[in-house]
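Step one of this worksheet: look at the structure below.
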There are 2 protein chains.
Amino acid sequence: MLRVGKLTDYATVILSIMAKDKHHVFAAMEMAALTGIALPTVSKVLKILVNAKILMSVRGAKGGYLLAGEPNGITVAAIISALEGPIALTECSLSKQACTAASGCGIRANWHVINQTIYNALASVTLADLIKPAVGLEEAYVPLASLYQ
Amino acid sequence: MLRVGKLTDYATVILSIMAKDKHHVFAAMEMAALTGIALPTVSKVLKILVNAKILMSVRGAKGGYLLAGEPNGITVAAIISALEGPIALTECSLSKQACTAASGCGIRANWHVINQTIYNALASVTLADLIKPAVGLEEAYVPLASLYQ
DNA sequence: TTTAAATAGTACTAAAATAGTACTGAATTA
DNA sequence: TAATTCAGTACTATTTTAGTACTATTTAAA
């Protein structure tokens, strides 16, 4: 439901490995070996992360990649945005008159609130949190409905 | 980023229209006219919603569709699940030894927490909320990070 | 200075998911 | 019994995503 692509998944794994050894410069091939992901694919993900300024790259022999900042400054929202593109909700696919007449627009405004809320939530979790041991699921409850009361 | 398909979008529009006129039996063709969505597509969405027990159907002449329950009992999570299938996170796409060795698994557990949290949040919003006027964005802040402290 | 190692960028191909359509069958009402 | 309307299935086309290939550029070391 919250569909994130495989590349995003790869990115979190790659970044987590880097976060645990912050000053090590990882070559793409090294990362491919560590994760089991094919080299061209790892390479693609790494390039995307550099463009998003989440990673820095060092070119030439002995080059590679390393985190551009501290793990607690890299948010999950930033990682997802880098891989999945700008946060685009479903754009209005109804004709404008149908939208207004059929009361679709008000719904969409509410959708936007929900999506923004979820984005904010993801922006509050960082790579540093991600490499901590997982918390218990029973604690993971955020009542979004309170926004509507 | 939180990508929901077009059909899910259609579903929210359709359900909102129905929620505003709870006892009216809407024929598929009527709904197509109201929304501007092509009849076969509306029909497809309606059938899916019936299977998910979000809608009831009345067959035969003068038949159609209507809500199976009260708007405040139909959650956004239920609507999304109906259209997008069971909430499937990205399944582990790394080899098992790489996963364990490369510390990917701990990350995935954290992913699961985040996804579950977002699901819970969506489960707290109902169709009744969705047809209310939208709330201001500045209020829409849910600090997920608190889970990690 | 040359060679090897490594990233940068672009473009392409293949596979998967999604959206939309068509058609046949079954139920209900008039 | 005829007309209306939903039920179900299967199919096709489109779009998105994943993955690959290739060339250029940069840097370290021999």
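So that the names make sense, note that chain A is the first sequence line, chain B the second, and so on, each numbered from 1. Quantities reported herein were computed from a predicted structural model and do not represent experimental measurements.
The phosphate of dA6(C) (OP1 or OP2) has no side-chain N or O of Ser57(A) nearer than 4.0 angstrom.
With Glu84(B) contributing its side chain and Thr8(B) its backbone, the two residues share no donor-acceptor pair below 3.5 Å. Put simply, the side chain of Asp21(B) never gets that close to the backbone of Met18(B): no donor and acceptor are under 3.5 Å apart. For Ser43(B) (side chain) and Leu39(B) (main-chain N/O), no donor-acceptor pair under 3.5 Å exists by modelled atom type.
A side-chain contact (heavy atoms from CB on, under 4.5 Å) with Ile79(A) holds for exactly one of Val125(A), Leu15(A), Ile14(A); it is Leu15(A).
At whole-Å resolution of the value, NE2 in His24(A) and P in dA6(C) are 11 Å apart. Counting to the nearest Å, the C1' atom of dC6(D) and the CE atom of Met31(B) are 14 Å from each other. Rounded to an integer number of Å, the gap from CZ of Phe26(B) to P of dC6(D) is 12 Å. Rounded to a whole Å, the OH atom of Tyr65(A) is 12 Å from the P atom of dA6(C). When the P atom of dA7(D) is taken as reference, atom CG of Asn51(B) falls 8 Å away, rounded to whole Å. Remark: C1' of dT17(D) and CD1 of Ile48(A) are 11 Å apart, rounded to the nearest angstrom.
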What string of B, S and - do you get for nucleotides 18-30 of chain C 5' to 3' if you count protein non-hydrogen atoms under 4.0 Å?
SBBB---BBBBS-
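With a 4.5 Å cut-off on side-chain heavy atoms, Leu127(B) and Asn72(B) do not count as touching.
Electrostatic pairing of Lys6(B) and Asp9(B) does not count as a salt bridge here, judged by no charged N lying under 4.0 Å from a carboxylate O.
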